[in-house]
Amino acid sequence: MVTTARELAAEWEAGRRAGAVIGYVPTMGALHEGHLSLVDLAREECDLVICSIFVNPLQFGLEEDFESYPRPVERDLSLLRARDTDVTFLPSWTEIFPGRERVLQDFGTHVSVPRLSHQLCGRSREGHFDGMVTESLLFLHLVRPDRTYWGEKDFQQLRIIETLVRDMRLPVTVVRGATKREEDGLAMSSRNKNLSPEARVVSPNLQRVLKDARIRTLSGEPLPAVLAAAREELTSLGFAVEYLVACEEESLTEVPTLDGPVAVRLFAAARLDGVRLLDNIRVTEANHG
Ligand code: AMP
């Protein structure tokens, strides 16, 4: 484990001297098999695997759960050791934001990918993606990986990072990892442990309803009617639906039908028992039909 950018740079230089391909998995900790599947993917493809754990204050709103976000550090470190991570970067707040005590107010630089940041989760989490992308760029500069691994579970975040890397021509390849699920279909998330036992039983319906909607649209039912019925079903099960929409994968703009040549995905965010759950599912590939 390293805690400073200086120690991290020493590991990087030793790796480079040995000709290692360097893989990087950024996380906020409270690790589960979703995160660890990204570590496994990096392990398969890279020689030196670096994972960071940092709960990024820039991406939390003032009313959100930054203080209470789980931080089971010892457990995370042993999970990463068991998956053969070479370097875990666990910086302190002051290592990342030196001299800045009130990070949100004091951090002078903000990076933004506006075209992809205002829809979907950006609607209810103002500033979230700017905070995420600002911190991610900073970490990509500190870690300097050849390949970086991001989960499709947070598809909007993944598209924003892909766009940042492409537009800024960052010398790194973004690798997508498929969403890891519990056996009953619930997408793994660090926040799932906040679900009450009753809500945990209901929670897999989010994925089940998305899958049903996918089948119904592919069999020709009109997309708006399918989405409305899916939303109604989730509401009747106790979900407070924030959004349930079909979007182009590339631009994340909503589509009214599946008729275009672009890949389309269904995206949903809903609160259950106060816990915000996210999921998405691919409906069509690009250039279909
Ligand atoms: P987080 O710690 O929530 O910031 O997530 C760190 C990385 O793990 C991000 O790239 C997430 O998309 C990814 N991730 C989180 N949950 C899952 C999951 N269930 N399956 C695959 N990747 C995930």
Side-chain angles (χ1 to χ4, degrees), residues 26-28 34 54-66 68-69 103-105 107-140 148 150-168 170 174 176-177 179 187 189-192 194 206-207 209-210 213 223-224 227-228 230-231 234-235 239-256 260 262-272 274-283:
T27 80
M28 298 205 300
F54 186 70
V55 184
N56 169 28
L58 297 179
Q59 72 187 60
F60 284 78
L62 292 175
E63 306 297 315
E64 294 184 353
D65 57 349
F66 174 69
S68 64
Y69 198 83
V103 172
L104 289 170
Q105 292 91 334
F107 201 59
T109 299
H110 277 254
V111 183
S112 182
V113 180
R115 199 171 53 84
L116 297 179
S117 296
H118 297 315
Q119 58 278 60
L120 301 174
C121 291
R123 287 220 169 94
S124 65
R125 302 189 73 190
E126 204 198 324
H128 164 71
F129 288 116
D130 291 356
M132 181 283 293
V133 81
T134 301
E135 183 254 11
S136 299
L137 180 60
L138 197 165
F139 271 67
L140 285 169
T148 180
W150 296 73
E152 289 186 346
K153 152 89 186 344
D154 304 287
F155 199 84
Q156 185 173 14
Q157 167 172 282
L158 165 69
R159 286 291 305 122
I160 289 170
I161 292 297
E162 287 176 342
T163 304
L164 172 81
V165 164
R166 187 196 63 203
D167 290 354
M168 292 293 106
L170 302 181
V174 180
R176 296 180 174 192
T179 302
S189 161
S190 305
R191 291 186 171 102
N192 288 351
N194 297 334
L206 184 59
Q207 193 223 14
V209 167
L210 286 181
L223 188 52
L227 295 177
R231 177 183 272 266
L234 285 172
T235 306
F239 289 87
V241 180
E242 193 180 301
Y243 60 77
L244 198 170
V245 289
C247 296
E248 287 184 13
E249 276 193 16
E250 185 67 19
S251 66
L252 301 181
T253 50
E254 279 186 46
V255 291
V262 293
V264 171
R265 214 169 252 266
L266 297 180
F267 293 88
R271 278 184 191 276
L272 186 62
V275 180
R276 191 166 179 275
L277 302 175
L278 277 189
D279 211 335
N280 68 82
I281 174 173
R282 179 175 254 189
V283 183

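Position 1 is the first residue of the sequence, and the numbers go up from there. These numbers were taken from a predicted model, which means no experiment stands behind them.
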Is the shortest heavy-atom distance from the side chain of [X] to the side chain of [Y] under 4.5 Å?
X: Leu158; Y: Arg176; value: yes
X: Val264; Y: Cys247; value: no
X: Gln59; Y: Phe129; value: no

Would the distance check show the side chain of [X] and the main-chain N or O of [Y] forming a donor-acceptor pair, the cut-off being under 3.5 Å?
X: Thr134; Y: His110; value: no
X: Arg125; Y: His128; value: no
X: Gln156; Y: Leu116; value: yes

Could you give the distance from [atom1] ([X]) to [atom2] ([Y]), rounded to the nearest 0.5 Å?
X: Ser136; Y: Gln157; atom1: OG; atom2: CD; result: 6.5 Å
X: Thr109; Y: Leu138; atom1: OG1; atom2: CG; result: 9.0 Å
X: Phe66; Y: Leu58; atom1: CZ; atom2: CG; result: 9.0 Å
X: Asp130; Y: Ile160; atom1: CG; atom2: CD1; result: 8.5 Å
X: Asn194; Y: Asp65; atom1: CG; atom2: CG; result: 7.5 Å
X: Glu254; Y: Leu223; atom1: CD; atom2: CG; result: 9.5 Å

Would Leu137 and Leu170 count as a side chain to side chain contact (heavy atoms under 4.5 Å, CB included) here? Give the steps. CA-CA 9 Å; Leu137 180 60; Leu170 302 181; 3.7 Å; yes

Minimum heavy-atom distance between [X] and [Y], given as atom pair plus value:
X: Ser251; Y: Thr253; value: OG-OG1, 2.7 Å
X: Glu250; Y: Arg159; value: O-NH2, 2.7 Å
X: Thr179; Y: Glu152; value: OG1-C, 3.5 Å
X: Thr148; Y: Pro26; value: OG1-CD, 3.9 Å
X: Arg191; Y: Phe60; value: NH2-CE2, 3.8 Å
X: Thr235; Y: Val241; value: OG1-CG2, 4.0 Å

What residues form a side-chain contact (heavy atoms from CB on, under 4.5 Å) with [X], not counting sequence neighbours?
X: Asn280; result: Phe155, Arg265, Phe267
X: Pro114; result: Ser112, His118
X: Ala230; result: Val209, Ala213, Leu244

Please test Val174 against Trp150 for side chain to side chain contact (heavy atoms under 4.5 Å, CB included), starting from the C-alpha separation and ending with a verdict. CA-CA 7 Å; Val174 180; Trp150 296 73; 3.9 Å; yes

Does the side chain to side chain contact (heavy atoms under 4.5 Å, CB included) test come out yes or no for Tyr243 and Leu278, once each step is laid out? CA-CA 10 Å; Tyr243 60 77; Leu278 277 189; 3.7 Å; yes

Do we see a donor-acceptor contact under 3.5 Å between the side chains of Glu242 and Ser124? yes

Report the C-alpha distance between Asn192 and Leu277 in whole Å, list the side-chain angles of each, state the deciding distance to 0.1 Å, and finish with yes or no for side chain to side chain contact (heavy atoms under 4.5 Å, CB included). CA-CA 8 Å; Asn192 288 351; Leu277 302 175; 3.7 Å; yes

Before giving the answer on salt bridge (charged side-chain N to carboxylate O under 4.0 Å, His left out), spell out for Asp279 and Lys153 the whole-Å C-alpha distance, their side-chain angles and the decisive distance to 0.1 Å. CA-CA 6 Å; Asp279 211 335; Lys153 152 89 186 344; over 6 Å; no

May I have the step-by-step check of salt bridge (charged side-chain N to carboxylate O under 4.0 Å, His left out) for Arg282 and Glu249, ending in yes or no? CA-CA 8 Å; Arg282 179 175 254 189; Glu249 276 193 16; 2.6 Å; yes

May I ask you to check whether over 12 heavy atoms, not counting those of Glu64, lie within 6.0 Å of atom CD? yes

